Engineer: 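Before we start, here is the structure in question, set down as structure tokens.
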Protein chains: 2
Amino acid sequence: MELFGMPGHLIRRMQQHSAQVFKSKCQAAGFDLTSVQFAALDALFHNPGIDQARLAEIIAYDRATIGGVVERLERKGLVRRDVSKTDRRARVLAMTPEGADLYARMRPVVEALQADILEQLSEDERQTFLSLSRKALGGANL
Amino acid sequence: MELFGMPGHLIRRMQQHSAQVFKSKCQAAGFDLTSVQFAALDALFHNPGIDQARLAEIIAYDRATIGGVVERLERKGLVRRDVSKTDRRARVLAMTPEGADLYARMRPVVEALQADILEQLSEDERQTFLSLSRKALGGANL
DNA sequence: GTCATAAAATATGCATACATATCAAATGAC
DNA sequence: GTCATTTGATATGTATGCATATTTTATGAC
């Protein structure tokens, strides 16, 4: 079997390509967030007041990894972490005004760049690719 | 746009899933190599005598990253690094007998697990997914 | 209420992943 | 042959990504 016949290799290349597009398009627009950091803001926007464990679940990250991501967002002043009133172990997350502003400005750019990731595909093919991906991921987290 | 409608997110999830399948199947078979390390052995098998820069090109890695990968393979006794006779900057890579043996034993396992990555898809869908991936990657490196 | 268990963070360690800088060596222009 | 440029490798710094261990706190069984 050839390297490019292997799903594992192709998928890694796709991820690499996707990350590259995200980075270059965002930097071109003057934003300095990684895709992971943006995903965290997005999840926080749609689920205000969640803790880190919930955030990790939503965007499918390891809890250990989320810690660092949130810490960097906090350091950039985009997110606040407060001890939960109902569970002193948990840290409730909230976007700061700066975070909300940055999210609002980045969102159209990020949405636009999604098409660029699959630029080589027709609209039909793009939809096929996305639904096959969702299907391949199965009930996993979808 | 919903998170699961975003190619970027789905692709990351696919990569996550793919890595997980690789790891669990290989560990179940008693192997302790990462997918990256296996890819390096595979490239070395098909392209004996290449240097690190060539290896990085073939499997599409950063040159800086390859250094660490090869170092770990060397530490495991699977690969040798010799100064090139024609270019004293370059380190010519060669699989050791142990490396060749491990590669031969892992190869069928890795080939078999490729189908597991896209387990939820029919054979037709799998082929479609792979060709759309190749097309999406364009002339990039294919 | 006590205690075993589970859950939320954090810490640690390893392995990618990439940008940038640096060093050494090769190569091409002249 | 000399020198600017390029190239191979390494070093450094940042950011994932995950496994495992630890600490603190909550919860359920009794």
Side-chain angles (χ1 to χ4, degrees), chain A residues 8-9 11-24 26-27 32-40 49-76 78-79 81-93, chain B residues 8-9 11-24 26-27 32-40 49-76 78-79 81-93:
Chain A
H9 179 73
I11 290 169
R12 186 180 63 78
R13 293 298 313 279
M14 288 295 286
Q15 160 64 15
Q16 206 174 30
H17 171 66
S18 167
Q20 185 55 47
V21 170
F22 185 98
K23 187 175 202 175
S24 62
C26 283
Q27 282 184 352
D32 189 33
L33 278 197
T34 67
S35 57
V36 176
Q37 291 166 8
F38 178 80
I50 54 174
D51 60 23
Q52 292 186 187
R54 228 60 52 212
L55 175 59
E57 252 174 50
I58 293 169
I59 56 179
Y61 273 87
D62 195 88
R63 280 229 304 269
T65 302
I66 277 296
V69 174
V70 172
E71 193 194 314
R72 285 182 283 278
L73 287 172
E74 195 182 23
R75 212 185 301 145
K76 291 180 182 184
L78 304 173
V79 154
R81 262 196 294 200
D82 305 305
V83 173
S84 166
K85 286 184 178 64
T86 56
D87 185 340
R88 283 209 312 245
R89 294 167 305 179
R91 313 288 214 95
V92 173
L93 303 174
Chain B
H9 179 74
I11 290 170
R12 187 181 62 79
R13 293 297 315 278
M14 288 294 287
Q15 160 65 15
Q16 207 173 28
H17 170 68
S18 167
Q20 186 54 48
V21 170
F22 186 96
K23 188 174 200 175
S24 61
C26 282
Q27 282 183 351
D32 189 34
L33 278 197
T34 67
S35 58
V36 176
Q37 290 166 10
F38 179 81
I50 55 175
D51 59 26
Q52 292 186 189
R54 230 58 53 209
L55 175 60
E57 251 174 51
I58 292 169
I59 56 180
Y61 272 88
D62 195 90
R63 279 228 306 268
T65 301
I66 276 296
V69 174
V70 171
E71 194 194 313
R72 285 182 282 279
L73 287 172
E74 194 182 24
R75 213 186 298 144
K76 290 180 182 185
L78 304 173
V79 154
R81 261 199 292 201
D82 305 305
V83 173
S84 165
K85 286 184 177 65
T86 55
D87 185 339
R88 283 206 314 244
R89 294 168 307 179
R91 312 288 214 97
V92 173
L93 304 174

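Numbered from 1 within each chain, the chains take letters A, B, ... in sequence-line order. None of the values given here were measured: they were computed from a predicted structure. For the numbers below, each heavy atom of this structure counts, side chains included, while hydrogens, waters and symmetry mates do not.
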Engineer: Are any of the side-chain heavy atoms of B/Ile50 and B/Ile58 separated by less than 4.5 Å?
Structural biologist: yes
Engineer: Tell me which of B/Gln16 and B/Ala90 sits closer to the 5' end of DNA chain D, going by the nucleotide each one is nearest to.
Structural biologist: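 Whichever sits nearer the 5' end wins; that is B/Ala90.
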Engineer: If you assign each of A/Arg63 and B/Val36 to its closest nucleotide in DNA chain C, which residue comes earlier from the 5' end?
Structural biologist: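 Looking at DNA chain C, the more 5' nearest nucleotide goes with A/Arg63.
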Engineer: Does anything in residues 82-91 of chain B form a side chain to side chain donor-acceptor pair (under 3.5 Å)? List the pairs, not counting sequence neighbours.
Structural biologist: B/Arg80-B/Asp82, B/Ser84-B/Thr86, B/Asp87-B/Arg89
Engineer: Applying a 4.0 Å non-hydrogen cut-off, can you work out what A/Thr34 is touching in the nucleic acid: base, sugar-phosphate, or nothing?
Structural biologist: sugar-phosphate
Engineer: Just how far, in rounded Å, is P of D/dA15 from CZ of A/Phe22?
Structural biologist: 14 Å
Engineer: What contact category does A/Arg91 fall into here, base, sugar-phosphate, or nothing, at under 4.0 angstrom with non-hydrogen atoms?
Structural biologist: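 Here A/Arg91 touches the backbone only, sparing every base.
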Engineer: Round to a whole Å and report the spacing from NZ of B/Lys23 to C1' of C/dT16.
Structural biologist: 11 Å
Engineer: Does any non-hydrogen side-chain atom of B/Val83 lie less than 4.5 Å from one of B/Val92?
Structural biologist: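 Side chain of B/Val92 against side chain of B/Val83, heavy atoms only: no contact under 4.5 Å found.
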Engineer: Grab the CD-C1' distance between A/Glu71 and C/dT12 for me, whole Å please.
Structural biologist: 14 Å
Engineer: Between A/Gln20 and A/Gly67, name the one whose nearest nucleotide on DNA chain C is closer to the 5' end.
Structural biologist: A/Gly67
Engineer: Please report the interatomic distance CZ(B/Phe22) to CD(B/Gln27), rounded to the nearest 0.5 Å.
Structural biologist: 10.0 Å
Engineer: Expressed in angstrom and rounded to an integer, what is the separation of A/Arg12 atom CZ from D/dG17 atom P?
Structural biologist: 14 Å
Engineer: In a check of side-chain contact (heavy atoms from CB on, under 4.5 Å) between B/Val69 and each of B/Gln52, B/Gln37, B/Glu74, which one passes?
Structural biologist: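 It is B/Gln37, the one option of B/Gln52, B/Gln37, B/Glu74 that forms the side-chain contact (heavy atoms from CB on, under 4.5 Å) with B/Val69.
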Engineer: Taking side chain to side chain donor-acceptor pair (under 3.5 Å) as the definition, give me every residue that meets it alongside A/Glu71, ordered by chain and number, with sequence neighbours left out.
Structural biologist: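 Expected list: A/Arg75.
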Engineer: Would you say A/Arg88 reaches C/dA9's phosphate, i.e. side-chain N/O to OP1/OP2 under 4.0 Å?
Structural biologist: no
Engineer: Using whole Å, what does the distance between atom C1' of nucleotide C/dC14 and atom CG of B/Leu33 come to?
Structural biologist: 14 Å
Engineer: What is the distance from CG of B/Asp87 to P of C/dT27, rounded to the nearest Å?
Structural biologist: 6 Å
Engineer: At under 4.0 Å, does any side-chain N or O of B/Arg72 touch on OP1 or OP2 of C/dT16?
Structural biologist: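 For B/Arg72, the contact criterion (side-chain N or O under 4.0 Å from OP1 or OP2 of C/dT16) is met.
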Engineer: Scan B/Ala64 against the nucleic acid and name what it touches under 4.0 Å (heavy atoms): base, sugar-phosphate only, or nothing.
Structural biologist: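 Base contact.
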Engineer: Would you say a side-chain N or O of B/Tyr61 is under 4.0 Å from OP1 or OP2 of C/dA17?
Structural biologist: yes
Engineer: Check whether any side-chain nitrogen or oxygen of B/Arg54 sits under 4.0 Å from OP1 or OP2 of D/dG8, and answer yes or no.
Structural biologist: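 Checking D/dG8 against B/Arg54, a side-chain N or O does come within under 4.0 Å of OP1 or OP2.
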Engineer: Starting at atom CG of A/Asp62, determine the distance to atom P of C/dA11, rounded to an integer number of angstrom.
Structural biologist: 15 Å
Engineer: Would you say C/dA17 has OP1 or OP2 under 4.0 Å from some side-chain N or O of A/Gln15?
Structural biologist: no
Engineer: Atom CD1 of B/Ile66 and atom C1' of D/dT7: how far apart are they, to the nearest Å?
Structural biologist: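 Computing the B/Ile66:CD1 to D/dT7:C1' distance gives 17 Å.
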Engineer: Once hydrogens and angles are ignored, does a donor-acceptor distance under 3.5 Å link the base of C/dA7 to the side chain of A/Arg89?
Structural biologist: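 Side chain to base: pair present.
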Engineer: Ignoring backbone atoms, establish whether B/Gln52 has a side-chain N or O less than 4.0 Å from OP1 or OP2 of D/dT10.
Structural biologist: yes
Engineer: Phosphate oxygens OP1/OP2 of D/dT10: is one of them under 4.0 Å from a side-chain N or O of B/Arg81?
Structural biologist: yes
Engineer: In terms of the nearest nucleotide of DNA chain D, which residue is placed more toward the 5' end: A/Thr86 or A/Val69?
Structural biologist: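 Going by which nucleotide is closer to the 5' end, it is A/Val69.
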